[in-house]
Amino acid sequence: MYFCEGSHITIIPSDLALSLHPHISSSTNEDELEMTTVCHRPEGLDQLEAQTNFTKQELQILYRGFKNECPSGVVNEETFKHIYAQFFPHGDASTYAHYLFNAFDTTNNGSIKFKDFVMGLSTLLRGTLREKLEWTFHLYDINRDGYINKEEMTEIVRAIYDMMGKYTYPAIKGDVPQQHVDAFFQKMDKNKDGVVTLEEFVVACQEVRCCLFIKLLKVREE
């Protein structure tokens, strides 16, 4: 999953959800779901259904997959890194997985429980554009001070390039990540105060999305 083409805002592989169950996606309908018997019913299922964009059946399926991967019901950072690395075998995903883990670990206790995971996944797969961008902003806000500075953005972007490895296109040169950060940070930091607020982040990403949509329309007209 990408936001803002060319800026590498965030990458959340759909396989992270599909690894738990192949019938969970951003557009899954209940009729398309495999009928699955779930032996262990997670506590608070009705509450999670109300708090997320998943159906009760989807939550049961996700929970079974979560328990299969993590029998203890809790994912620590090392396990998360191991799972995530499988999707990027030609690069080093450890740094990006670290930041992604922190974004899912909303309680900052060093572990991800099923509720943490499914709440984040719901936003990323089926949230509104605004919700997805807010989640991504918090991923970039490494020190949790409510702003993104250039150093934080550089950390994430470099981690993404390291994760993609030799499959980045065009081929990476040493200064390419910094060039991307400089260019996009300049677009985001509207008042030039050296930091990006949530609103600046959302507006900039929506502008890029709008420009891409207009380009697509022009291509179709041609």
Side-chain angles (χ1 to χ4, degrees), residues 1-4 9-77 79-84 86-87 93 96-142 144 146 148 156 198-199 201-202 205-206 209:
M1 180 183 298
Y2 288 84
F3 290 117
C4 302
I9 289 300
T10 190
I11 300 177
I12 310 291
S14 298
D15 291 343
L16 190 60
L18 296 180
S19 67
L20 296 178
H21 199 283
H23 296 274
I24 300 293
S25 71
S26 59
S27 58
T28 299
N29 293 320
E30 288 187 51
D31 294 339
E32 296 172 342
L33 283 171
E34 180 184 75
M35 296 303 293
T36 307
T37 301
V38 181
C39 297
H40 187 100
R41 179 186 176 91
E43 294 182 7
L45 191 63
D46 292 335
Q47 183 179 4
L48 282 177
E49 184 181 16
Q51 293 176 332
T52 68
N53 297 311
F54 293 124
T55 66
K56 188 176 296 185
Q57 184 184 24
E58 289 171 325
L59 288 167
Q60 290 175 324
I61 292 170
L62 280 169
Y63 187 75
R64 189 182 72 163
F66 189 87
K67 289 286 286 186
N68 285 340
E69 291 288 340
C70 311
S72 68
V74 176
V75 183
N76 61 32
E77 184 171 340
T79 301
F80 186 85
K81 285 181 177 180
H82 175 73
I83 295 172
Y84 205 79
Q86 297 175 38
F87 304 113
Y96 186 74
H98 164 73
Y99 293 127
L100 191 61
F101 178 87
N102 288 342
F104 275 103
D105 179 18
T106 55
T107 57
N108 299 316
N109 65 359
S111 64
I112 299 174
K113 295 181 180 179
F114 178 68
K115 181 178 180 180
D116 301 324
F117 177 75
V118 79
M119 292 288 287
L121 200 63
S122 173
T123 298
L124 293 169
L125 292 181
R126 297 183 181 170
T128 64
L129 176 61
R130 172 81 189 199
E131 290 170 340
K132 292 175 181 178
L133 291 175
E134 287 180 356
W135 197 95
T136 306
F137 178 88
H138 294 306
L139 169 68
Y140 273 73
D141 180 17
I142 296 173
R144 300 291 187 265
I148 300 173
I156 300 291
L198 173 60
E199 287 306 315
F201 182 85
V202 170
C205 289
Q206 288 175 332
R209 182 184 175 91

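Since this is a predicted model, take the numbers as computed values, not measurements.
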Undergrad: Please give me the minimum heavy-atom distance between Trp135 and Leu124, naming the atom from each residue.
TA: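 Closest pair (atom of Trp135, atom of Leu124, distance): CE3-CD2, 3.7 Å.
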
Undergrad: Please work out which of the three classes, parallel, tilted or perpendicular, describes the rings of Phe66 and Tyr63, given edges at 30° and 60°.
TA: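 The arrangement is parallel - the two ring planes meet at less than 30°.
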
Undergrad: Are side-chain heavy atoms of Phe101 and Tyr84 found at a separation under 4.5 Å?
TA: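 Side chain of Phe101 against side chain of Tyr84, heavy atoms only: no contact under 4.5 Å found.
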
Undergrad: Treating Asp116 as the side-chain partner and Phe104 as the backbone partner, does any N or O pair qualify as donor plus acceptor under 3.5 Å?
TA: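 No.
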
Undergrad: Should the heavy atoms of other residues, nucleotides or ligands under 6.0 Å from NE2 of His82 be counted, would the total exceed 12?
TA: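 No - once you tally the heavy atoms of other residues, nucleotides and ligands closer than 6.0 Å, there are 12 at most.
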
Undergrad: Could you check whether any side-chain heavy atom of Ile142 comes within less than 4.5 Å of a side-chain heavy atom of Ile156, counting everything from C-beta outward?
TA: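 When only atoms from C-beta onward are counted, Ile156 and Ile142 do touch, with a gap below 4.5 Å.
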
Undergrad: Is the shortest side-chain heavy-atom distance between Ile83 and Glu69 below 4.5 Å?
TA: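 Yes, at least one pair of side-chain atoms sits under 4.5 Å.
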
Undergrad: Quick one: closest heavy-atom pair of Asn53 and Glu58, and the distance?
TA: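 Taking Asn53 first and Glu58 second, the nearest heavy atoms are O-OE1, 4.4 Å.
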
Undergrad: For a 4.5 angstrom cut-off between non-hydrogen side-chain atoms, does Asn102 reach Arg144?
TA: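 Sidechains of Arg144 and Asn102: in contact.
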
Undergrad: Which pair of heavy atoms, one from Ser111 and one from Val74, lies closest together, and at what distance?
TA: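 That would be CB-CG1, 3.2 Å.
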
Undergrad: Counting only heavy atoms not in Lys115, do more than 12 sit closer than 6.0 Å to its NZ atom?
TA: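 For Lys115, atom NZ is not crowded (no more than 12 foreign heavy atoms under 6.0 Å).
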
Undergrad: If you round to the nearest 0.5 Å, how far is CD of Glu134 from CG of Asp141?
TA: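 Taking CG in Asp141 and CD in Glu134, the distance rounds to 12.5 Å.
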
Undergrad: Between the main-chain N or O of Lys132 and the side-chain N or O of Thr136, is there a donor-acceptor pair closer than 3.5 Å?
TA: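 Flag set: sc Thr136 to bb Lys132 pair under 3.5 Å.
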
Undergrad: In the structure I gave you, are the side-chain heavy atoms of Leu139 and Tyr96 within less than 4.5 Å of one another anywhere?
TA: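 Side-chain contact under 4.5 Å: yes.
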
Undergrad: To the nearest 0.5 Å, how far apart are NZ in Lys113 and CG in Asp105?
TA: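 Taking NZ in Lys113 and CG in Asp105, the distance rounds to 10.0 Å.
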
Undergrad: As an exercise, state the distance from CD of Glu49 to CD of Gln60, rounded to the nearest 0.5 Å.
TA: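 Taking CD in Glu49 and CD in Gln60, the distance rounds to 9.5 Å.
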
Undergrad: Can you find a pair of side-chain heavy atoms, one from Phe117 and one from Val75, that are under 4.5 Å apart?
TA: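 A side-chain contact is absent here, since even the closest heavy-atom pair is not under 4.5 Å.
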
Undergrad: Are the side chains of Ile61 and Phe54 in contact, using a 4.5 Å heavy-atom criterion?
TA: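 They are not in contact (no side-chain heavy atoms under 4.5 Å apart), so the answer is no.
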
Undergrad: Out of curiosity, Met119 CE to Ile112 CD1, how far, rounded to the nearest 0.5 Å?
TA: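 Interatomic distance, Met119 CE to Ile112 CD1, rounded to 0.5 Å: 14.0 Å.
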
Undergrad: How about Leu133 and Gln206: do any of their side-chain heavy atoms sit closer than 4.5 Å?
TA: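 SC-SC contact between Leu133 and Gln206 confirmed.
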
Undergrad: Which distance, rounded to the nearest 0.5 Å, do you find between the OG1 of Thr55 and the CG of Leu62?
TA: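 Output value for this atom pair is 9.0 Å.
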
